[in-house]
Amino acid sequence: MKVLALVLVLVGLAAASPSGPVNRDITGAQVIRVNPTRASHLYYLHGLFMQDLYDFWTEPRAVGKNVDIMAQRWMVPVLKATLSKVGIEYSVIIPDLGDLTEKSKIANDRALEMAKRRNTNAKHNMDWTAYHRLDDLYDYMDYLAETYSHIVKVKTIGTSYEGRDMKMLKLSNGGFRKPIVFIDGGIHAREWVSTATVSYIMSQMVENREDYPFLDHVDFIFMPTINPDGYEYSHTNDRYWRKTRSKTGVFGCKGVDPNRNWDFHWNEVGTSNNPCSDIYSGPEPFSEIEMQNVRDQLNKYADRIKVYLTFHAFSQLWMYPWGYTYALPDDWVDLDDLARDAVDSLTAFYGTSYEVGSSTNTIYPAAGGSDDWAKGVAGIKYTYTVELRDTGNFGFLLPPGQIIPTGQETLEAVKTIGSFVASN
Ligand SMILES: [Zn+2]
């Protein structure tokens, strides 16, 4: 009897989880925005976040900062009742996520179709007016390697859990042991604008090389998507898939949060041991082959990498370590200075505002992130996690029309960083 009860509880947990065993059903799901107006609200919301019952599109981080929570249809009344009971005001910002997701898919498919029709390049279909699939991105990287073979090298650094290539592009005009800026994106599958932005910056710097004089002194490494299985899955099956796609062995729940999987204070805080959770840290540090592959590249170039940038979406935050503790690194002032310079350049372009700060002073502590590892283990001084556009109006469904503006303004920040590395 006891066993049966336990099984029922576990099955219930798995089914209620945002990334449960079956595909997440978003029909009638809602996104609810709450505004914690006092510390007790914040504390309560963080507790709710750690329970894995809902998909938090933005994490609770400070009094007065909105938190957007996605609840599946059958959980909507439960969430609303819970919030009312605690006295936290809420508003429904997406009344039917299924409907909105379908519309957004139609819009992106149309944009892809138009991009294909406009395209005159026989070698690839890539552009930045739509969110492209992995094949388009990889064809484009191969095209760059072929067309700009004197400055570009594209390497497959390994394969993903499901056997997809993991491609890395190195941009260098020669020279010996130049400093490197390493940029990755797409660690969280559903954050499409991250992959699009990294590939946009890569494209601009390769195809208009002469506009970036710092490239005489600095090499760049780009990995636009370091979670290719998740990325594809978010296109084909579940738009809100965040994790990798590895088998974790419990009720068919799949995947690990790749940004909780790095071996530095692993699993200490802000993570989950429930394999069905969206913030599952994995059975052990570096359990995910994709993160092993990226780690190996960071290790390989560690003594030359001056800046590590890892792009996420959304919230418009420019964050530096530590993520696992409220303490700051000894040299945090240096990191803060460069972050503010980068953000000033970004904001000057379209007026988009960003918050700058250490991860734990900007969001709640979470251990196992790639930026913490890059600084704490690989010894890279300047490591940043950047949450791109927007602040929640569209969230993960940022319209394709915003890819280029996001890319342009973010490129300004990267230019500031490139010039800084070149002159130091
Ligand atoms: Zn993310």
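What you see is a predicted model; the values in this text were computed from it and never measured. Start at 1 and go down the list; that is how both ligands and their atoms are numbered.
Side-chain contact of Q316 with R389: a donor-acceptor pair under 3.5 Å is absent, judged by distance alone. Side chains of D341 and T416: a donor-acceptor N/O pair is absent below 3.5 angstrom, by distance only.
Looking at H312 and the Zn ion (ligand 1) together, the shortest N, O or S contact belongs to ND1. Nearest N/O/S atom of H188 relative to the Zn ion (ligand 1): this is ND1.
Side-chain contact between I226 and E290 is absent, with no heavy-atom pair separated by less than 4.5 Å.
With 2.8 Å as the limit, E191 counts as an N, O or S neighbour of the Zn ion (ligand 1).
Between Y320 and W332, the ring planes are parallel. Angles under 30° get that label, and only those over 60° would be called perpendicular.
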